[in-house]
Amino acid sequence: MSSFQVWARTTPLTDYFRESLTTRDGLPHNTINAITQSNDGYLWFATWEGAARYDGRNFSLFGRTAETGLPDLGIRAFHLASNGDLLLGGSRGGMALVKDGRWQHLPAIGTLINDLLRDHQGDLWMATEGGGLFRLSKDGIRTQFTAKDGLGPSVIYRVLQDKEGLIWLATQQGLYWFDPKMPSPVFTLVATDAGLPLTSVFALAQTAAGELLVGTEQGAFKKDGSGFVPLHQQLAGIAVATLMLDQQQHLWIGTINRGVMRLSDLGLEQLTVSEGLPNNRVLALWQDKELSIWIGTNSGVLRLRDTPFTNLTTSKGLADNYVRTLLQHQDGSVWVGTSNGLNKVVGQQIDPVPGLDGNPVSALSLAQGPDGDIWVGSYAEGVLRYRNNQIIEHYDRADGLVSNEVRALLPLADGSVWIGSSGGLTRLKDGQMQHYHVADGLPGEFITALHQSPDGRLWIGTGSGAAVYEQGKFQQLDLQQYEDVHYVFSFYQAANSADVWFATDRGLLRFDASNKVIKQLGLAQGLPFDKIFAIVAEQDQYFWLSSNRGVLRIRQQDAVAITNGTLPKLVNYELYGESDGMQSAQCNGGSMPAAAALNRGALWFATSQGVAMVEPSRLADFVVKTPPVVVQKISADGQIYAGSAAIFPPGTRRVALQFAGLSYVMPTRIQYRTQLLGFDQHWVERGPQQVAEYTNLAPGAYRFVVSAAYPDGDWSAEPAQFEFVIEPRLWQRTDFIVSVGLALLLLLVLVYRVRMLSVRHNEMRLRQQVSEKTAALQQQATELRQVVTEKSALAEQLRQQAEAFALQAREDGLTGLANRRAFDEQLAAEFARAARLQQPLCLVLIDIDYFKRINDTYSHLTGDAVLKRLAGLIKAQCRDIDISARWGGEEFALLLPQTSLEQGREVCERLRHGLAQLEWQDVAPGLTVTASFGVAVNTGLLHYEKLISRADTLLYQAKAQGRDQVCG
């Protein structure tokens with residue numbers, strides 16, 4: 001049973017997903033002479049170092065061993081007979097037959113075998129390198145045919161029997177045919193006047209309609225009536241090594257030195273080394289039961305597989321593979337923003353879009369204005385406005401923009417444009433800019449997403465939460481209750497719904513417009529991961545969610561039901577990644593928009609390796625079915641057993657059974673379950689593990705069964721089985737056990753009687769001893785209880801003193817924050833950790849402005865109150881991973897792991913504003929308190945002391961510039 005349904009659409013060769021196998025992956029040799037797939041599902045590769053059997057994960061090698069009986073390692077040819085027998089032929093004329101996992105040696109013929117054929121009558125034909133043609137009749141009689149029998153060439157490459165029963169020979173000196181039913185075959189050479197050149201013929205194939213195809217040193221030909229015609233004009237003069245027709249009857253052509261070609265309704269396509277083929281010399285072609293194409297070359301195997309996803313990368317003309325943003329224009333074209341330029345995609349045409357002064361634009365965001373103009377937000381060049389692919393406006397810091405890093409754009413019908421940057425939110429109207437910051441009600445300065453509802457409300461996503469702008473005011477949304485959401489990467493709103501969905505670093509949030517409440521779909525509700533970058537919809541039925549781990553597809557109705565509380569958990573979903581054709585499962589976010597649903601139904605996603613594209617309408621072509629499963633290897637105490645049953649000797653202690661699901665689409669994701677009937681009561685879930693081991697099994701008969709399935713798929717309808725018997729030792733036999741049991745019973749009766757007499761005698765003596773000892777023990781117990789009580793009280797007093805001393809050594813007694821000593825230890829550890837993980841680490845030094853004046857003017861008690869209140873503000877603003885301490889008299893320190901300089905400044909600004917807004921009248925009338933901040937990060941620093949020095953310098957700079965400010 002195949003894992004994929006046959007698809008009707010022909011996929012271009014360039015869109016196939018490619019995987020290669022070489023000796024690094026376990027192949028014994030990189031030259032692949034032949035490929036086939038046995039009926040049980042194994043793939044077989046013929047090499048000069050033996051036959052390699054592949055189960056999707058591992059290779060099993062078969063060469064010159066007692067098991068195979070082959071005279072040499074080299075394997076040249078396979079033939080899969082109609083009854084399922086696998087025939088192998090190779091060096092020194094060696095032959096073997098594999099049936100039901102068992103090897104049978106066939107007599108060698110002494111010369112290299114190029115090809116094998118079991119004809120309709122059951123006779124075996126062997127095409128050889130220098131020995132002509134051999135026949136092994138079903139009666140065991142071997143005959144050789146050479147020039148004396150009318151067969152001129154001694155080198156025969158291929159042998160094929162057509163639907164009419166005639167056998168065709170591809171030889172070094174042309175194409176021959178004969179009728180095998182004749183007592184003495186008459187070999188006929190196809191003459192040149194039949195349209196076939198008199199040259200070496202290397203390959204033969206037959207279409208489903210019975211047409212004969214011939215590959216020669218001078219091109220490929222098709223039998224047409226009594227003659228032959230060229231197969232395709234572009235194949236003229238090309239040396240064809242092998243031919244194969246796939247299930248769609250597309251012809252695959254392996255060449256001597258020009259790679260592989262395919263002739264289909266798309267014309268003649270070619271794949272060479274420059275497109276990923278291991279070598280341009282192609283020796284073998286095969287289509288497996290899951291419709292993958294396997295190409296054997298002189299340098300390994302290439303596998304081609306059609307997948308749901310295709311990719312747009314630099315190899316097809318994209319400016320750069322790191323794609324951040326996508327947008328479909330109203331004219332149908334798609335704009336792609338990368339880290340190294342813009343592209344405009346129209347159909348199959350990919351054109352570059354010019355940047356400033358001929359330099360590429362590092363794009364972060366895209367938007368279309370009501371007039372059709374394209375607005376582009378860049379990483380370092382501000383905002384650009386395009387019309388007819390030309391820049392007509394440009395805004396950056398020099399024009400008043402607060403930051404040139406623009407991650408979100410929203411042009412509106414009134415002619416204004418909202419610009420979200422790393423430094424805040426800006427409204428551009430008629431060339432004038434109005435800026436909004438945290439002080440105006442924004443939750444953060446780092447703007448990541450913008451969206452306008454049909455009712456006119458503006459939704460703003462930041463790195464510190466979300467807000468709504470309505471009637472000239474910002475209203476922050478409380479997202480901390482949803483597992484402390486920080487980043488809101490994008491918004492989605494269906495055309496017919498008032499609900500707004502948020503893609504965040506804690507899953508999906510849904511603003512339920514009817515109740516004006518926010519609901520969550522996150523890890524706790526069954527989402528497989530936290531961080532979601534973009535949301536696009538498929539026909540109002542599915543949500544497609546991009547992430548760092550691939551693209552997730554969920555039902556919209558499930559998402560609504562979970563957020564409404566009518567469905568407890570997300571169970572059904574599909575996660576697409578690299579095994580589904582994506583060049584990289586790492587999608588990009590923090591840019592707007594990072595995904596696009598095109599008018600024709602395709603979905604495009606920005607990734608770190610180009611644009612990943614999927615057409616949901618094609619997903620039915622890739623329905624994963626249940627993989628077949630086999631028991632590969634059985635061992636008992638190290639002894640290997642073959643077949644479907646075995647008898648293990650007495651005393652067998654360890655039985656190991658190795659199994660495999662024979663699917664090559666996603667073999668590492670196959671799950672297994674086993675049951676040993678006679679031992680296990682229920683199925684045992686094995687996950688991806690492929691071995692079951694049992695130790696110290698009791699003698700008896702057992703049957704081992706194993707099933708395989710893909711995640712969320714069905715288990716094997718026909719589990720693989722293996723039956724075995726463990727023979728008992730003498731003392732484990734039933735008659736021996738019964739005899740010994742009776743003898744033991746008599747002995748026990750005798751021992752019991754003697755023992756009872758002794759017990760009665762001892763009972764009286766023990767009663768007297770117990771009475772005497774009981775009184776003494778009661779006195780001792782009373783004394784011990786008194787001693788234990790006294791020691792417990794002393795131990796508790798010592799413990800409390802030790803805790804008090806430890807707390808005093810590491811905690812500031814006034815503020816409750818860590819003291820300088822504890823902070824220095826944590827700074828050193830966090831600095832080393834950040835350097836090891838290459839993460840940013842931000843250090844903030846805080847100094848209360850004019851603190852001595854506060855002490856002198858009011859009192860030291862007032863100064864202490866100021867210190868404690870500032871410490872409380874710092875604690876309230878810190879995350880769980882942040883570290884705060886009282887650094888010195890009026891100085892505080894704050895350590896922010898995984899925090900950039902920009903984010904650190906944002907934290908300081910929140911603290912500075914929060915300090916300014918504190919009410920001090922209850923401490924001292926007329927008292928005001930401000931502070932100065934020095935912010936530094938570990939970039940380029942080799943020791944944490946340098947980080948302290950940099951932050952200290954910046955703190956003094958803040959004080960020198962007038963205090964009550966942040967420098968960093």
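Keep in mind that the numbers below use all heavy atoms, side chains included, and drop hydrogens, waters and symmetry copies.
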Aromatic ring proximity [X]/[Y], centre distance under 6.0 Å:
X	Y	value
Phe722	Phe659	no
Phe62	Trp44	yes
Tyr694	Tyr702	no

Ignoring hydrogens and geometry beyond distance, is a side-chain donor-acceptor pair present between [X] and [Y] at under 3.5 Å?
X	Y	value
Asn279	Thr297	no
Ser663	Glu290	yes
Asn114	Arg76	yes
Arg703	Gln721	yes
Asp680	Gln675	no

Exercise. Hey, could you give me the CZ/CZ distance between Phe178 and Phe145, rounded to the nearest 0.5 Å?
Key: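 Here the interatomic distance stands at 7.0 Å.
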Practice problem: Answer yes or no for Arg53 and Tyr42: cation-pi contact, defined as NZ/CZ to six-membered ring centre under 6.0 Å and angle to ring axis within 45°. | Solution: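 Yes, a cation-pi geometry.
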Quiz item: Ignoring hydrogens and geometry, is there a side-chain-to-backbone donor-acceptor pair from Asp162 to Gly210 under 3.5 Å?
Solution: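 Between the backbone of Gly210 and the side chain of Asp162 there is no qualifying donor-acceptor contact (under 3.5 Å).
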Practice problem: Output yes when Arg653 and Asp637 qualify as a salt bridge under the 4.0 Å nitrogen-oxygen rule, no when they do not. | Solution: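 No, this pair does not count.
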Quiz item: Do you know which two heavy atoms are closest between Ala284 and Ala34, and how far apart they sit?
Solution: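 Ala284 and Ala34 have their closest heavy atoms at CB-CA, 3.6 Å.
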Quiz prompt | Leu175/Thr216 under side-chain contact (heavy atoms from CB on, under 4.5 Å): CA gap, chis, key distance, verdict | solution = CA-CA 9 Å; Leu175 181 65; Thr216 78; over 6 Å; no
